[in-house]
Amino acid sequence: MAIRPATAADAGRVYQLITENLVSGHLLARPLGEVELHVPRFLVAADDDHVVGCGELARLSPTVAEIRSLVVDGPQRGAGVGRRLLRALIAEAVSQGFPRLCAFTHQARPFVRTGFSIVPHPWVPAKIAADCQTCDLFRRCRQYAVVLDLKRTAGAWR
């Protein structure tokens with residue numbers, strides 16, 4: 001299983017992984033055009049040429065990046081693919097020089113196990129300004145906000 005940057009050819013599979021997980025409430029909808037536009041920001045987990053997981057590193061501000069659309073195909077869950085993607089996304093955020101990383105998730109445990117802290121949503125104002133205010137679930141969101149201070153932990157992710 002390789003973790004690698006996504007290519008334009010991966011956009012359809014990334015979109016499929018996201019869409020397949022909407023019903024379970026794990027992810028927010030992403031139009032195919034948006035995935036195609038942002039595919040260079042994704043990392044994928046691929047078994048040969050078959051993409052089985054993905055995650056996006058999105059810049060919210062000069063000091064904050066967000067992990068979005070982190071998902072692993074059902075049959076591959078529990079095999080460490082998500083953990084490897086998460087660690088690779090953290091390493092990418094460090095290499096890009098972000099001092100802080102965040103995610104909004106229904107399942108905080110994998111993030112907390114990796115060093116993130118659960119915080120109140122207002123502690124991530126860049127996310128609220130960029131996305132939350134236009135979301136249908138604004139002020140009714142059931143996701144956890146998690147943050148990781150990369151300045152303190154940068155050496156661990158290189």
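Positions are given from 1, in the same order as the sequence printed here. Only heavy atoms go into these numbers, but all of them, side chains included; no hydrogens, no water, no symmetry mates.
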With side chains defined as the heavy atoms from C-beta onward, is the minimum distance between [X] and [Y] less than 4.5 Å?
| X | Y | value |
| --- | --- | --- |
| Leu101 | Leu57 | yes |
| Arg30 | Glu56 | yes |
| Arg41 | Arg68 | yes |
| Phe111 | Ile118 | no |
| Arg100 | Thr63 | no |
| Leu148 | Thr114 | no |
| Leu60 | Phe98 | no |
| Glu34 | Tyr15 | no |

Under-4.0 Å salt bridge between Asp73 and Arg13: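 A salt bridge is present here (some side-chain N lies under 4.0 Å from a carboxylate O).
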
Val39-Leu89 co-clustered via ILVMFWY side chain contacts under 4.5 Å: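 Not linked; separate clusters.
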
Phe42 reachable from Leu37 in the ILVMFWY side-chain graph, under 4.5 Å edges: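 No, no single cluster joins them.
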
With distance as the sole test, does [X] use its side chain to make a donor-acceptor pair with the main-chain N or O of [Y] at under 3.5 Å?
| X | Y | value |
| --- | --- | --- |
| Thr19 | Gln16 | no |
| Asp48 | His50 | no |
| Arg84 | Met1 | yes |

At their closest point, which heavy atom of [X] faces which heavy atom of [Y], and how far apart are they?
| X | Y | answer |
| --- | --- | --- |
| Pro5 | Asp10 | O-OD2, 4.3 Å |
| Pro62 | Pro99 | O-CD, 4.3 Å |
| Ala6 | Val44 | CB-CG1, 3.8 Å |
| Val35 | Ala11 | CG1-O, 3.6 Å |
| Ala108 | Val146 | CB-CG1, 4.2 Å |
| Leu85 | Gly53 | CD1-C, 3.6 Å |

Calculate, to the nearest 0.5 Å, the distance between atoms [atom1] and [atom2] belonging to [X] and [Y] respectively.
| X | Y | atom1 | atom2 | value |
| --- | --- | --- | --- | --- |
| Ile3 | Arg87 | CD1 | CZ | 12.0 Å |
| Ser69 | Leu17 | OG | CG | 10.0 Å |
| Ile67 | Leu86 | CD1 | CG | 5.0 Å |

CZ (Arg83) with more than 12 external heavy atoms under 6.0 Å: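 Not more than 12 within 6.0 Å, no.
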
